[in-house]
Colleague: 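Okay, here's the structure, questions in a sec.
Residue indices begin at 1 and follow the sequence shown. These figures come from a predicted structure and were not determined experimentally.
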Amino acid sequence: METSRNFRFRNWAGNESCRPEVIYFPKSEAEIQQVVREARAAGKKVRVVGGAHSWSPMACSDEYLVSLDHCNHVKEVDRFQQRVRVQAGIRLKSLNKFLAERHMAMKQLGSISEQSLAGATATGTHGSGINFQVLSSSIMAMRIVQGDGEVLELKENDERLDAFRVSVGALGIVSEITLQCTDAFELREDSSPMRFEDAL
């Protein structure tokens, strides 16, 4: 597993940065488990970073940091149910491209696609109304590496799923997400200047 002991983390806005003792780049759920167990044995805290798009210091750590950038593969596609199971570190732009090639799409997105799926869902990335809710509302199942290194699998209709969908990493490291998708579609944007009173 790739690691670095001379790594400076900086978020995309540049307002938060840190120098963790070590940053890990696992490629699998088993390697995530290994990191968590090593941290537990050493008495170290672990934080996770996705695309580093959060404005908050939540990913900053002077102890152990885990990047899910190498956990970015599609594991399974269910065309009948229009679901996809992916590693949590996949970037939204990569997932969008993969789905488009199969005439599928995510039901909703925020305004950017540079984020990791786990980061965008865990932080409550917005939707655009009651019919297009927050991104995490499309999560149908998850796998999470807990603080003891064991894996928790949450399936559809598990009453705990809502808590884990938007847990900001506090309940463990998300390793896999099963996402409900839809048929591919196109959007048209119409934009023009208008008076504030007209917009209201």
Side-chain angles (χ1 to χ4, degrees), residues 9-16 47-59 66-144 154-158 161-194 199:
F9 167 77
R10 184 176 177 186
N11 70 348
W12 72 282
N15 66 311
E16 296 291 346
R47 293 204 180 186
V48 183
V49 61
H53 275 259
S54 175
W55 292 59
S56 79
M58 70 166 59
V66 174
S67 167
L68 296 180
D69 277 353
H70 298 324
C71 292
N72 59 4
H73 300 289
V74 175
K75 305 288 278 189
E76 183 181 5
V77 178
D78 184 336
R79 293 297 304 274
F80 179 73
Q81 292 193 82
Q82 291 189 308
R83 292 182 181 178
V84 61
R85 182 169 61 92
V86 298
Q87 288 182 305
I90 193 168
R91 297 296 174 107
L92 297 180
K93 62 183 179 181
S94 298
L95 182 54
N96 287 337
K97 182 176 185 295
F98 177 89
L99 292 172
E101 290 168 352
R102 288 150 184 84
H103 309 289
M104 296 167 64
M106 297 173 66
K107 293 194 292 185
Q108 70 275 52
L109 285 173
S111 56
I112 56 174
S113 62
E114 302 296 321
Q115 301 147 299
S116 70
L117 179 60
T121 55
T123 54
T125 291
H126 60 81
S128 58
I130 192 67
N131 294 319
F132 298 97
Q133 300 169 11
V134 295
L135 186 58
S136 60
S137 67
S138 294
I139 295 177
M140 306 310 294
M142 302 174 79
R143 288 177 64 88
I144 301 102
L154 299 174
K155 297 184 178 180
E156 190 174 1
N157 300 322
D158 189 312
L161 192 55
D162 280 341
F164 281 85
R165 281 182 171 127
V166 190
S167 67
V168 293
L171 301 178
I173 301 177
V174 178
S175 58
E176 287 185 7
I177 292 175
T178 299
L179 207 62
Q180 181 66 56
C181 301
T182 189
D183 290 328
F185 58 91
E186 293 183 1
L187 293 175
R188 186 186 78 193
E189 178 183 49
D190 293 325
S191 62
S192 61
M194 66 173 57

Colleague: Do D190 and R188 make a side-chain contact, defined as non-hydrogen atoms from C-beta onward lying under 4.5 Å apart?
Modeller: yes
Colleague: Please check if the number of heavy atoms outside H73 that lie under 6.0 Å from its NE2 is greater than 12.
Modeller: yes
Colleague: Are E156 and L161 packed together at the side-chain level, in the sense that at least one heavy-atom pair is separated by less than 4.5 angstrom?
Modeller: no
Colleague: Over all heavy atoms of both residues, which pair between G50 and S116 is shortest? Give the atoms and the distance, please.
Modeller: CA-OG, 3.4 Å
Colleague: Taking atom CE of M142 and atom OG1 of T121, what is their separation to the nearest 0.5 Å?
Modeller: 5.5 Å
Colleague: Apply the side-chain contact (heavy atoms from CB on, under 4.5 Å) test between S138 and each candidate in K107, R83, M106; give the one that qualifies.
Modeller: K107
Colleague: Output yes when a side-chain donor or acceptor of Q180 lies under 3.5 Å from a complementary backbone atom of Q81, and no otherwise.
Modeller: yes
Colleague: Would you say the side chain of L99 lies within less than 4.5 Å of the side chain of C181, judging by non-hydrogen atoms?
Modeller: yes
Colleague: Using a strict cut-off of less than 4.0 Å between a Lys/Arg side-chain nitrogen and an Asp/Glu carboxylate oxygen, indicate whether E114 and R91 qualify as a salt bridge.
Modeller: no
Colleague: How long is the span from the CG atom in D69 to the CD1 atom in I90, to the nearest 0.5 Å?
Modeller: 12.0 Å
Colleague: Quick one: list whatever passes side chain to side chain donor-acceptor pair (under 3.5 Å) with N72, sequence neighbours left out.
Modeller: none
Colleague: So how far is it from I177 CD1 to S136 OG, rounded to the nearest 0.5 Å?
Modeller: 9.5 Å
Colleague: Quick one: does S113's side chain have a donor or acceptor within less than 3.5 Å of a partner on L92's backbone?
Modeller: no
Colleague: Is there a side-chain contact between I139 and L179 (heavy atoms, below 4.5 Å)?
Modeller: yes
Colleague: Are R165 and D162 within salt-bridge range, i.e. N to O under 4.0 Å?
Modeller: yes
Colleague: Does V86 form a side chain to side chain contact (heavy atoms under 4.5 Å, CB included) with F98? I'd like the steps, not just the answer.
Modeller: CA-CA 11 Å; V86 298; F98 177 89; over 6 Å; no
Colleague: Between L68 and A88, which heavy-atom pair has the shortest distance, and what is it?
Modeller: CD1-CB, 4.2 Å
Colleague: Ignoring hydrogens and angles, tell me if any N or O in the side chain of R79 forms a donor-acceptor pair with the backbone of R102 under 3.5 Å.
Modeller: yes
Colleague: Quick check: does any side chain N or O of Q108 sit under 3.5 Å from a backbone N or O of V134, one acting as donor and the other as acceptor?
Modeller: yes
Colleague: Rounded to the nearest 0.5 Å, what separates atom CG in L109 from atom OG1 in T125?
Modeller: 9.5 Å
Colleague: Can you list the steps and then say if M58 with T123 is a side chain to side chain contact (heavy atoms under 4.5 Å, CB included)?
Modeller: CA-CA 10 Å; M58 70 166 59; T123 54; 4.1 Å; yes
Colleague: Looking at G51, is its backbone amide N or carbonyl O close enough to the side chain of Q115 to form a donor-acceptor pair, meaning the two atoms are under 3.5 Å apart?
Modeller: no
Colleague: Using the salt bridge (charged side-chain N to carboxylate O under 4.0 Å, His left out) criterion, which residues pair with E76? Sequence neighbours excluded.
Modeller: R85
Colleague: Which distance, rounded to the nearest 0.5 Å, do you find between the NZ of K93 and the CD1 of I112?
Modeller: 10.5 Å
